[in-house]
Amino acid sequence: MKQEIVVAYDGTRQSRAAIEWAAAECRVRHRAGVTVCQVWDGPYPERAEAVAAEERRLAGLRLFEGVRLAERLLPGREVRPVLVRGDPKEILVGLSRNAAMLVVGHRGLGGLAGLLRGSVSAYAAAHAACPVVVVGAQASGGNRPPAGGVMVGIDAARPAGPEADSALRFAVEIARGRSLPLTAVYATRGREPEGERALARIVEPWRRRCRARPAIGTRVVEAPPLPALVACARDAWLLVVGAHGTGARLLGSVGQGLLRRAPCPVAVVHPAPVWPIPCDIPTI
């Protein structure tokens, strides 16, 4: 079983929040340790050798800072540093193939410069071979979660598909590990009683499996999925959604919108590995 949590670090508040979130999850779920990854962009042959050397030195300092933070939060646990030169999107997706979870900050700078536009976090969430948690600077690092606990969005177009099953499984594991309530949210433009019946059919098997740990509630919202989930996320500690779609649209428009607008961390869960990038990443 894959136990390691990989977390991207670039020195920003968002990436520090990502390390705090990953460390808290490591403690709660008894994971073996974390890998802290700093990616510095390149290679660019036209750059002078001295410039490249200075960029690598600064990237190394950022990585050291992230590792020290993780070590303070996880005394006695293994913290593995990875310093890589290359495309942050491909590197992180490659590392995800041997990870239980990938945690990234949203809208970062520095070595993960693409996060400024959300491109790295969105790409990782769409293509990673493990669940991806995207954390903003507002995250508490796992302390004093809101009363709303964990929420999982159920896609009305695919209520019984593998995406919903994988998202529910991940949400149950997270909620159980932190003794949080879990709420399944179903957004529909149709009549509310029909949505309640559809959601009950999905949730009841999980209630029987869980035996009230965690307690699983339901909420049907008569609204389009994106605004409905954003509104529900205001009370959530974590929002879990399944990934779906094809090609560059693996997240779908709702998933991409949640990464931009959700006020809490968002976990994107795939039913199976989706991107065959080799997992052996050379460090530089």
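If you read the sequence from its start, that first residue is 1, and numbering goes on from there.
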Can you name the closest pair of heavy atoms from [X] and [Y] and give their distance?
{"X": "Ala267", "Y": "Phe170", "answer": "CB-CE2, 3.6 Å"}
{"X": "Lys89", "Y": "Asp87", "answer": "N-OD1, 2.9 Å"}
{"X": "Leu102", "Y": "Cys130", "answer": "N-SG, 3.5 Å"}
{"X": "Ala187", "Y": "Ala228", "answer": "CB-CB, 3.7 Å"}
{"X": "Ala22", "Y": "Val34", "answer": "O-CG1, 4.4 Å"}
{"X": "Val269", "Y": "Ser166", "answer": "CG1-O, 3.7 Å"}

Ion pair present between Arg77 and Glu71, side-chain N to carboxylate O less than 4.0 angstrom?
no
Salt bridge check: are Arg85 and Glu55 linked by an N-O gap of less than 4.0 Å?
no
Could you walk me through whether Arg57 and Trp40 pass side-chain contact (heavy atoms from CB on, under 4.5 Å), step by step?
CA-CA 10 Å; Arg57 186 186 72 83; Trp40 60 297; over 6 Å; no
So, [X] side chain and [Y] main chain: donor-acceptor pair closer than 3.5 Å or not?
{"X": "Ser15", "Y": "Ala18", "result": "no"}
{"X": "His106", "Y": "Leu259", "result": "yes"}
{"X": "His270", "Y": "Ala125", "result": "yes"}
{"X": "Ser96", "Y": "Ala129", "result": "yes"}

Report whether Leu58 and Val84 are members of the same hydrophobic cluster (ILVMFWY, side-chain heavy atoms less than 4.5 Å apart, transitive linking).
no
Run the side-chain contact (heavy atoms from CB on, under 4.5 Å) test on Leu92 and Cys37 for me, step by step, so that the C-alpha distance in whole Å, both residues' side-chain angles and the decisive distance to 0.1 Å come before the verdict.
CA-CA 8 Å; Leu92 292 177; Cys37 178; 4.1 Å; yes
Just checking Arg68: does its CZ atom have more than 12 heavy atoms from other residues, nucleotides or ligands closer to it than 6.0 angstrom?
no
How many angstroms lie between [atom1] in [X] and [atom2] in [Y], if you round to the nearest 0.5 Å?
{"X": "Cys210", "Y": "Ile216", "atom1": "SG", "atom2": "CD1", "result": "4.0 Å"}
{"X": "Leu182", "Y": "Glu173", "atom1": "CG", "atom2": "CD", "result": "11.5 Å"}
{"X": "Trp206", "Y": "Arg169", "atom1": "CH2", "atom2": "CZ", "result": "4.0 Å"}
{"X": "Gln14", "Y": "Arg16", "atom1": "CD", "atom2": "CZ", "result": "8.5 Å"}
{"X": "Arg261", "Y": "Leu226", "atom1": "CZ", "atom2": "CG", "result": "4.5 Å"}
{"X": "Asp10", "Y": "Leu63", "atom1": "CG", "atom2": "CG", "result": "11.5 Å"}

Any side-chain heavy-atom pair of [X] and [Y] under 4.5 Å:
{"X": "Arg176", "Y": "Val150", "result": "no"}
{"X": "Leu199", "Y": "Val220", "result": "yes"}
{"X": "Ile174", "Y": "Trp237", "result": "yes"}
{"X": "Ile154", "Y": "Val185", "result": "no"}
{"X": "Tyr123", "Y": "Val93", "result": "yes"}
{"X": "Val172", "Y": "Pro214", "result": "yes"}
{"X": "Leu238", "Y": "Val133", "result": "yes"}
{"X": "Val67", "Y": "Arg80", "result": "no"}

Is there a side-chain contact (heavy atoms from CB on, under 4.5 Å) between Val240 and Val268 once you walk through the steps?
CA-CA 6 Å; Val240 181; Val268 178; over 6 Å; no
Using a distance-only test with no angle check, is there a side-chain donor-acceptor pair under 3.5 angstrom linking Glu65 and Tyr9?
yes
Hey, mind stepping through Val241 and Val254 against side-chain contact (heavy atoms from CB on, under 4.5 Å) and telling me if it holds?
CA-CA 9 Å; Val241 293; Val254 174; 5.9 Å; no
